[in-house]
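This is a predicted model, so every value here is computed, not measured.
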Amino acid sequence: MNTRKLTVLTLAALCLLAAAPQVLAHCQVPCGIYGDQTRVEILREHVTTIEKSMNQIVEEGKQDKPNWNQLVRWVENKEVHADELTEIVTYYFLTQRIKPAKDGDAEGAKKYQHELTLLHHMMLHAMKAKQTTDLAHVEKLRSLIDAFEKSYFGEHTH
């Protein structure tokens, strides 16, 4: 194989690696090391970043001559953080931390259903936040995170 082909293949491989999605939530190896409260705080950070992105998109859109590059960057930023929020909800909480209630545990089943519903609604509002600049979705995400935290940790959060 000549040097040019090797260089092209190497660059192509690097581009594919750079474009691969990152999963930052937590591994799915049963390590027993969980940072539940940290994950909740990260969810809040994502919501704050989504909010800032929405505000910047609206402001840039009001300009007589919008900076299209900046506008695209803010849209991308909003989408990335909405996706990362959804990854934490799905790959950390739904798959690893929220456990079905044992048979006959009516109270546990009620809590399980409540938390599943809260997490599902977070995913829906993260999707809506990607599609719009409606800050109502940001506020709803905040209230859902608060409600989930209260249910998951009990009345007293860490």
Engineer: Atom CH2 in W68, atom CD in E60: separation rounded to 0.5 Å?
Structural biologist: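 So the CH2 of W68 and the CD of E60 are separated by 8.5 Å.
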Engineer: Is there a continuous path of hydrophobic side-chain contacts, each under 4.5 Å between heavy atoms, that joins M127 to L144?
Structural biologist: no
Engineer: H81: what forms a ring-ring contact (aromatic ring centres under 6.0 Å, His included) with it, not counting sequence neighbours?
Structural biologist: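 Testing H81 for ring-ring contact (aromatic ring centres under 6.0 Å, His included), a comparison that skips the adjacent residues, returns H46.
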Engineer: Could you tell me which non-hydrogen atom of K130 sits nearest to which non-hydrogen atom of A82, and how far apart they are?
Structural biologist: CG-CB, 3.3 Å
Engineer: Look up atom CD in E139 and atom CG in D134, then write down how far apart they are to the nearest 0.5 Å.
Structural biologist: 10.5 Å
Engineer: Hydrophobic clusters join Ile, Leu, Val, Met, Phe, Trp and Tyr when side-chain heavy atoms are under 4.5 Å apart, directly or via other members; which others share one with V80?
Structural biologist: none
Engineer: How many angstroms lie between atom NE2 of H114 and atom CD1 of I98, to the nearest 0.5 angstrom?
Structural biologist: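 So the gap between those two atoms works out to 10.5 Å.
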Engineer: In a table with atom names and distances, give each donor-acceptor pair under 3.5 Å that connects a side chain of residues 100-107 to protein atoms at least two apart or in another chain.
Structural biologist:
{"from": "D105", "atom 1": "OD1", "to": "G108", "atom 2": "N", "distance (Å)": "2.8"}

Engineer: Is there a chain of hydrophobic side chains (I, L, V, M, F, W, Y, each step under 4.5 Å between heavy atoms) that links F153 to I88?
Structural biologist: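 Yes.
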Engineer: Would you say H121 and L124 make side-chain contact, with heavy atoms under 4.5 Å?
Structural biologist: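 Touching, per the 4.5 Å side-chain cut-off.
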Engineer: So, using side chain to side chain donor-acceptor pair (under 3.5 Å) as the criterion, who are the partners of R73 when residues are at least two apart?
Structural biologist: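 By the side chain to side chain donor-acceptor pair (under 3.5 Å) rule, R73 matches Q70.
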Engineer: Just wondering, do R97 and R39 contact through their side chains at under 4.5 Å, heavy atoms?
Structural biologist: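 Result no, sub-4.5 Å side-chain heavy-atom pair not found.
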Engineer: Please give the remaining members of the hydrophobic cluster of V72, linking ILVMFWY side chains under 4.5 Å, ordered by chain and number.
Structural biologist: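 Grouped by the 4.5 Å side-chain rule, V72 forms a cluster of one, so the answer is none.
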Engineer: Could you name each residue pair satisfying ring pair (Phe, Tyr, Trp, His ring centres under 6.0 Å) that touches residues 124-145, not counting sequence neighbours?
Structural biologist: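 Qualifying pairs, neighbours excluded: H125-H137.
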Engineer: Are any of the side-chain heavy atoms of F93 and L43 separated by less than 4.5 Å?
Structural biologist: yes
Engineer: Got L94 and L116 here, is their nearest side-chain heavy-atom distance under 4.5 Å?
Structural biologist: yes
Engineer: Do F148 and E115 come within less than 4.5 Å of each other through their side chains, counting heavy atoms only?
Structural biologist: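 Yes; the side chains approach each other to less than 4.5 Å.
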Engineer: Say you draw a straight line from OG1 of T49 to CD1 of I42; how long is it, rounded to the nearest 0.5 Å?
Structural biologist: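 So the OG1 of T49 and the CD1 of I42 are separated by 11.5 Å.
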Engineer: Above 12 or not: heavy atoms from other molecules or residues under 6.0 Å from NZ of K111?
Structural biologist: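 Enclosed.
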Engineer: Between the side chain of Q63 and the main-chain N/O of E59, is any donor-acceptor distance below 3.5 Å?
Structural biologist: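 Yes, Q63 side chain to E59 backbone: donor-acceptor pair under 3.5 Å.
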Engineer: Test D146 against R44 for side chain to side chain contact (heavy atoms under 4.5 Å, CB included), laying out the working first.
Structural biologist: CA-CA 9 Å; D146 290 344; R44 285 192 172 95; 2.7 Å; yes
Engineer: What's the shortest heavy-atom distance between A126 and L141, and which atoms?
Structural biologist: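 Looking at all heavy atoms of both residues, the closest pair is N-CD2, 4.0 Å.
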Engineer: Going from CG on N55 to CH2 on W74, what distance comes out if it is rounded to the nearest 0.5 angstrom?
Structural biologist: 9.5 Å
Engineer: If you look at every heavy atom in L71 and G61, which pair is closest and at what distance?
Structural biologist: CD1-N, 4.5 Å
Engineer: Report whether L85 and I57 are members of the same hydrophobic cluster (ILVMFWY, side-chain heavy atoms less than 4.5 Å apart, transitive linking).
Structural biologist: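 Not linked; separate clusters.
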Engineer: Just so I know, are the side chains of Y152 and L118 near enough to count as touching, which here means a heavy-atom distance under 4.5 Å?
Structural biologist: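 They are not in contact (no side-chain heavy atoms under 4.5 Å apart), so the answer is no.
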Engineer: Which distance, rounded to the nearest 0.5 Å, do you find between the OH of Y91 and the OG1 of T86?
Structural biologist: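 Atom-to-atom, Y91:OH and T86:OG1 are 10.5 Å apart.
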